[in-house]
Amino acid sequence: MESHTEENKSLNFIEEIIEKDLQEGRYSSILTRFPPEPNGYLHMGHASSICLNFGVAKKFGGKTNLRFDDTNPVTEDTEYVESIQEDVKWLGFEWENVFYASDYFDQLYDYAVQLIRQGDAYVCDLSAEEIAAQKGTPTEAGTESPYRNRSVEENLQLFADMKAGKFQEGEKTLRAKIDMASTNMLMRDPLLYRIKYAHHHRTGDKWCIYPMYDFAHGQSDSIERITHSICTLEFVPHRELYDWCIARLGIYPSKQYEFARLNVNYTVMSKRKLLQLVNEQHVTGWDDPRMPTISGMRRRGYTAAAIREFCDRAGITKREKVVDISLLEFCVREELNKTALRRMVVFDPVKVVITNMDENEILLDIENNPEDENGGTRQVAFTRELYIEREDFMENPPKKYFRMAIGQHVRLKGAYIVTCHDVVKDADGNITEIHCTYIPESRSGQDTSGLKVQGTLHWVSVQHALPVEIREYDRLFKVENPNAEEGDFKDYINENSLHVIPRAMAEPALAEATTANHFQFLRKGYFYPDKESGKGHIIFNKTVGLKDSWAKKG
RNA sequence: UGACCUAUGGUGUAACUGGCAACACGUCUGAUUUUGGUUCAGAAGAGUUCAGGUUCGACCCCUGAUAGGUCAACCA
């Protein structure tokens, strides 16, 4: 009765296309590519694309290349190249080859020369403003450039001069000669090459002309013999140009398919906006745990498997969507519930004195994970003085309060049932100590007391307590879709998205916590050690809380 | 006075390609529980944007509306 329904799951529209292509023998095997521009860190939207490109290839026995779309040297950097590779690997995917669009600059130059020879491209002297003015509008045809009918020889010479650095930036461009009256703005003699005296992160100063996206992407796909070139919806109008270039050049016909990008509510998902959050210090960096970047989510404690599961559940379609963050959180909890080590940490401590206990400690073995039979146990010392959460005690409890109150029984997790008798207060009326007695025969696992308690509390021995810093995160924005609101998206930043608890009291086992493990702090949520943790100063990021059906009612 | 893309419960995805809408998240009950977690059982919630048409039969095909999105960067 195990669920082998995986195979029966309906295919998304891309998979349907591929299955059909394979069945009809159009390809013997497929090859996809993930083509990030190295000008920012990868985010959840990229994760969706990565899962699609690598996932679909894997599913149909194909391969995937990682290709950096580095045709604009002014925005690109090796820092990003490295983080992107790390993120793809961390997500659990392996590429067949790593390529760069810049690997093809020589070939691309030759392709441009070919177009010129065929009369399909020309060197234009118009400025950016003039070209824009002559472009027309979506409802009005553009006008042809006066340089449109230069001779092939002249174009060849001019293009060579462009490459040789004989012109200033912006002085000349190479344009395709297509149709200034096309209803598709991209077909109105689009730019193919522009002059940029910029240092390229890979080719250095070899080039001063760089191909535009539209003259690099399709050709790169073709050179690599990519069968299915999958991109997002905003490239739909580019497909006509993509096909035009391939047809004119007579090269391998890769095919472009478009799907809707993934959006998640209460955050933003564009590199431009994320870069702004970083630069203007609304967050501490690209890997701030509040960021929807892959590095941010990793630091926060989200797992690769959970992210993959989320992308899978969100699906691939052509309709624009905003997926609820609760689905991502569900995927994270679903996995962490099965794998996280259980530990006890008291965030807002109040002291409990077990009055019928002496100074000797009682050693208890407590399970590491009740969901994992092989999870083992750890030893925890139960002592006369303990910490519990301040909110776990009430002097005048409401009707269904299952926690500690005077005269009420409550279990301390993995230890004993205790009964509260008395509280000690300071001059201001604040509780400083809670006095309880424990019931020796109620020891966890060998309880012969016959008592039934409704509540179980987490606790930490005062003399063994390890102070740790806790960082809790809330959503980055106050509104579901900051992009859809009036004004600037930054107006909707949630200024309370970070809450630090500088000194929570943890059980001593946490002293050895590393990022190799995810933790569940009992009744608190899932936590993950932060990279800023040092020897004497351990920091945990709250990954996601536990579902809390009690808090909601209040 | 344009072209292109899209339209299914609150959200996301399905519907064997024409046989009277399914799954997940979320929500709400109840049971279990040494985490008010997990697990288990159950409930509410859409008649598929609208109007026509074809058909014995339409979420699916056709026509026309409507709504949302995209396109006029020497960005990708």
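Keep in mind the model is a prediction, meaning the values are calculated, not measured. Letters A, B, ... mirror the listed sequences (proteins, then strands); counts begin at 1.
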Which dot-bracket string describes RNA chain B (Watson-Crick N1-N3 plus N6-O4 or O6-N4, or G-U N1-O2 and O6-N3, all under 3.5 Å; [ ] crossing; | other strand)? .((((((..((((.....[..)))).(((((.......))))).....(((((..]....))))))))))).....
Using modelled atom types and a 3.5 Å cut-off, is there a donor and acceptor pairing between side-chain atoms of Glu507(A) and backbone atoms of Val380(A)? no
Please work out if [X] contacts a base, only the sugar-phosphate, or nothing of the nucleic acid, heavy-atom cut-off 4.0 Å.
{"X": "Gly525(A)", "answer": "nothing"}
{"X": "Glu16(A)", "answer": "base"}
{"X": "Arg188(A)", "answer": "nothing"}
{"X": "Val74(A)", "answer": "nothing"}
{"X": "Arg175(A)", "answer": "nothing"}

May I ask you to verify whether the side chain of Arg403(A) and the base of rG36(B) hold a donor-acceptor pair under 3.5 Å? yes
Has the side chain of Gln520(A) got a donor or acceptor atom sitting under 3.5 Å from an opposite partner on the base of rU35(B)? yes
Cationic tip of [X] within the cone over [Y]'s six-membered ring, i.e. under 6.0 Å and within 45° of the normal?
{"X": "Lys524(A)", "Y": "Phe347(A)", "answer": "yes"}
{"X": "Lys172(A)", "Y": "Phe167(A)", "answer": "yes"}
{"X": "Arg202(A)", "Y": "Tyr100(A)", "answer": "yes"}
{"X": "Lys163(A)", "Y": "Tyr109(A)", "answer": "yes"}
{"X": "Lys273(A)", "Y": "Phe489(A)", "answer": "yes"}

Does a nitrogen or oxygen in the side chain of Ser10(A) sit under 4.0 Å from OP1 or OP2 of rC16(B)? no
Assess the pair Phe477(A) and Tyr266(A): is the distance between their ring centroids shorter than 6.0 Å? no
Set out, line by line, the N/O atom pairs under 3.5 Å between protein and nucleotides 21-24 of chain B.
| residue | atom | partner | partner atom | Å |
| --- | --- | --- | --- | --- |
| rA24(B) | O2' | Arg313(A) | NH1 | 2.5 |

How far, in whole Å, is rA24(B) from rA14(B) if one measures between their P atoms? 16 Å
CD of Gln219(A) to OH of Tyr104(A), rounded to nearest 0.5 Å, is 12.0 Å
Dump every N/O contact between nucleotides 42-46 of chain B and the protein below 3.5 Å, one line per pair.
none

Which one, rU27(B), rG12(B), rG36(B), comes nearest to the side chain of Lys547(A)? rU27(B)
Look for any protein N or O under 3.5 Å of an N or O in nucleotides 6-9 of chain B and output each such pair with its distance, or none.
| residue | atom | partner | partner atom | Å |
| --- | --- | --- | --- | --- |
| rA7(B) | OP1 | Arg319(A) | NE | 3.4 |

Tell me which pairs pass ring-ring contact (aromatic ring centres under 6.0 Å, His included) where either residue lies in residues 436-460 of chain A, with sequence neighbours left out. Phe382(A)-Trp459(A), Tyr416(A)-Tyr438(A)
Detail all sub-3.5 Å separations between protein N/O atoms and N/O atoms belonging to nucleotides 73-76 of chain B.
| residue | atom | partner | partner atom | Å |
| --- | --- | --- | --- | --- |
| rC74(B) | N4 | Leu126(A) | O | 3.2 |
| rC74(B) | N4 | Ala128(A) | N | 3.3 |
| rC74(B) | N4 | Gly170(A) | O | 2.7 |
| rC75(B) | OP2 | Arg194(A) | NE | 3.2 |
| rC75(B) | OP2 | Arg194(A) | NH2 | 2.8 |
| rC75(B) | OP2 | Lys196(A) | NZ | 3.0 |
| rC75(B) | O3' | Arg194(A) | NH2 | 3.1 |
| rC75(B) | O2' | Asn72(A) | ND2 | 3.2 |
| rA76(B) | OP1 | Thr71(A) | OG1 | 2.6 |
| rA76(B) | OP1 | Arg194(A) | NH1 | 3.4 |
| rA76(B) | OP1 | Arg194(A) | NH2 | 2.8 |
| rA76(B) | OP2 | Tyr213(A) | N | 3.0 |
| rA76(B) | O4' | Glu37(A) | OE1 | 3.4 |
| rA76(B) | O3' | Asp69(A) | OD2 | 3.3 |
| rA76(B) | N6 | His238(A) | NE2 | 3.0 |

